[in-house]
Amino acid sequence: MSSMKCKAVALFCFLEIALWPSLALADDVETTVWRFGLEEIDGSVQDIYAQEFKRVIEQKSNGRISVDIYAYGTLGESEDLTALTANGTLQLTNASTGILGGLIPEIQVFNIPYLFSADDRVNQQVLSSNHVIYEVIGDALIDNNLRLMTMYLEGEMIWSTNKLIRRPRDFKDFKMRVMNAPLIKQTYTLFGADPVPLPYSQIYGALQNSIIDGQINPLFSIEEMKFYEVTDYLIWAGQQRFTTSVLANQSWYLSLSIEDKELLRDTLAEMSDFIFEHQVALNAAQLKKIKYYKPDMILIHLTQRERNRFKKLAAPVRAAYLKTSGEKGKRLLLALEEALSAKK
């Protein structure tokens, strides 16, 4: 779907669902609808998360609250979902750190290459509970009528390419699709590639028509969007984990009763372990599917020495982050480096 069509669909849905009343049960008890937008399609990590969230919320509220889920494309691109949540059409949405980087500079900390620990359990624990994340990023989002509710991992970011990439010089004249986030674009420029920002929905066609030579996403995304069909290599470079946030409309959150605020917070806290185990399982299952459907796909795990070449080149990204994010960004980065250094 083109960006223009997505925006048209989003506008139509805005006009439609913004006017929806609460549903009434047979016994005249109103059911409140919470609308949750996703950046990914049915069956994805975000969909698994949202479906479990829906089940738990509806069960705990005895049906008093109903959660409606809108998969990727229903209401437009990722930027559209953030806008629809800020204006109150959606109550909740997923927003990747790459997308949010254009809105608040502090959250670009998660786009610094080789920041994360090699132990994803450490990474998940830090993302879900580190108080500095929720103070610094949370405060910045409130100015946009958004509230940071939680964050979680979706898996390691894998390069799927039509050329073997083992050293920075291999990126010469290589067009790499990236999210439209300043630090990500800078990273791949430093690696030697030509970064090309494109909407998620346009990646497959761009690969098929050689508009780009490669792209970066977790394994589950590469399988479900069939990117493996139009690339020859899967390359583990260790440079980044895909992280997403769950945002709420700030005004809506403040309007909730104490009971519903507690229900929301408790449910999100319970979801951390659930989604970690499920994203690990889903990424492993999707890799098996890729191997089955394309047995000649070439899988490459860069050695530590090879990774260090890219890590060294990416060093200026840290300085660029500090320059754009100021003292708050510095506080966040130092807190994360300390928390994540346990098992680098």
Asks: Are the side chain of Ser272 and the backbone of Ala269 linked by a donor-acceptor contact shorter than 3.5 Å?
Replies: no
Asks: Could you tell me whether Lys175 and Asp213 make a salt bridge, using a distance below 4.0 angstrom between a side-chain N and a carboxylate O?
Replies: yes
Asks: With a sphere of 6.0 Å drawn around NZ of Lys226, does it hold more than 12 non-hydrogen atoms of other residues, nucleotides or ligands?
Replies: yes
Asks: Counting C-beta onward and ignoring hydrogens, is there a side-chain heavy-atom pair between Arg331 and Lys328 closer than 4.5 Å?
Replies: no
Asks: Do Arg55 and Glu58 sit within salt-bridge range, that is, some charged N less than 4.0 Å from a carboxylate O?
Replies: no
Asks: Side chain of Asn62, backbone of Arg64: donor and acceptor closer than 3.5 Å?
Replies: no
Asks: Could you tell me whether the side chain of Glu306 and the main chain of Thr303 form a donor-acceptor pair under 3.5 Å?
Replies: yes
Asks: With a sphere of 6.0 Å drawn around CZ of Arg265, does it hold more than 12 non-hydrogen atoms of other residues, nucleotides or ligands?
Replies: yes
Asks: Indicate yes or no for a side-chain donor-acceptor contact from Gln215 to the backbone of Arg177 under 3.5 Å, with no hydrogens or angles considered.
Replies: no
Asks: Between Glu40 and Gln46, is there a donor-acceptor pair closer than 3.5 Å when you use the side chain of the first and the backbone of the second?
Replies: yes
Asks: When rounded to the nearest 0.5 angstrom, what distance separates CZ in Phe227 from CG in Leu207?
Replies: 7.0 Å
Asks: Are the side chain of Asn130 and the backbone of Val132 linked by a donor-acceptor contact shorter than 3.5 Å?
Replies: yes
Asks: Is Lys291 atom NZ crowded by more than 12 heavy atoms from other residues, nucleotides or ligands, each under 6.0 Å away?
Replies: no
Asks: Would you say NZ of Lys294 has more than 12 non-hydrogen atoms from neighbouring residues, nucleotides or ligands within 6.0 angstrom?
Replies: yes
Asks: Between Asp173 and Lys163, is the salt bridge (Lys or Arg N to Asp or Glu O under 4.0 Å) condition met? List the steps.
Replies: CA-CA 11 Å; Asp173 299 323; Lys163 176 184 175 183; over 6 Å; no
Asks: Taking atom CD1 of Ile211 and atom CG of Leu198, what is their separation to the nearest 0.5 Å?
Replies: 7.5 Å
Asks: NZ of Lys60: more than 12 outside heavy atoms within 6.0 angstrom?
Replies: yes
Asks: Under a 3.5 Å distance rule, please check whether Arg307 uses its side chain to pair with a backbone N or O of Leu302 as donor and acceptor.
Replies: yes
Asks: Using modelled atom types only, decide if a donor and an acceptor are shared between the side chain of Gln124 and the backbone of Asp273 within a distance under 3.5 Å.
Replies: no
Asks: Return the orientation label for the Phe36 and Tyr49 ring planes: parallel under 30°, perpendicular over 60°, tilted otherwise.
Replies: perpendicular
Asks: Assess whether side-chain hydrogen bond (donor to acceptor under 3.5 Å, both in side chains) is satisfied between Glu223 and Tyr293, documenting all intermediate values.
Replies: CA-CA 10 Å; Glu223 193 285 325; Tyr293 288 112; over 6 Å; no
Asks: Parallel, tilted or perpendicular for Phe191 and Phe171, by the 30°/60° rule?
Replies: parallel
Asks: What residues, two or more places apart in sequence or in another chain, satisfy side-chain hydrogen bond (donor to acceptor under 3.5 Å, both in side chains) together with Ser245?
Replies: none
Asks: Show your reasoning for whether side-chain hydrogen bond (donor to acceptor under 3.5 Å, both in side chains) applies to Gln108 and Ser325.
Replies: CA-CA 9 Å; Gln108 288 199 72; Ser325 62; over 6 Å; no
Asks: Can you tell me if CG on Leu254 sees more than 12 non-hydrogen neighbours from other groups inside 6.0 Å?
Replies: yes
Asks: Any side-chain heavy-atom pair from Val246 and Tyr152 closer than 4.5 angstrom?
Replies: yes
Asks: May I ask you to decide if the ring planes of Trp236 and His301 are parallel, tilted or perpendicular, using 30° and 60° as cut-offs?
Replies: parallel
Asks: For the residue pair Phe116 and Phe110, categorise the inter-ring angle as parallel (less than 30°), tilted (30 to 60°) or perpendicular (more than 60°).
Replies: parallel
Asks: Mark yes or no for whether Lys54, through its side chain, and Val67, through its backbone, hold a donor-acceptor pair below 3.5 Å.
Replies: yes
Asks: I need the Leu146 CG to Asn87 CG distance, nearest 0.5 Å.
Replies: 9.5 Å
Asks: Output yes when a side-chain donor or acceptor of Thr324 lies under 3.5 Å from a complementary backbone atom of Tyr321, and no otherwise.
Replies: yes
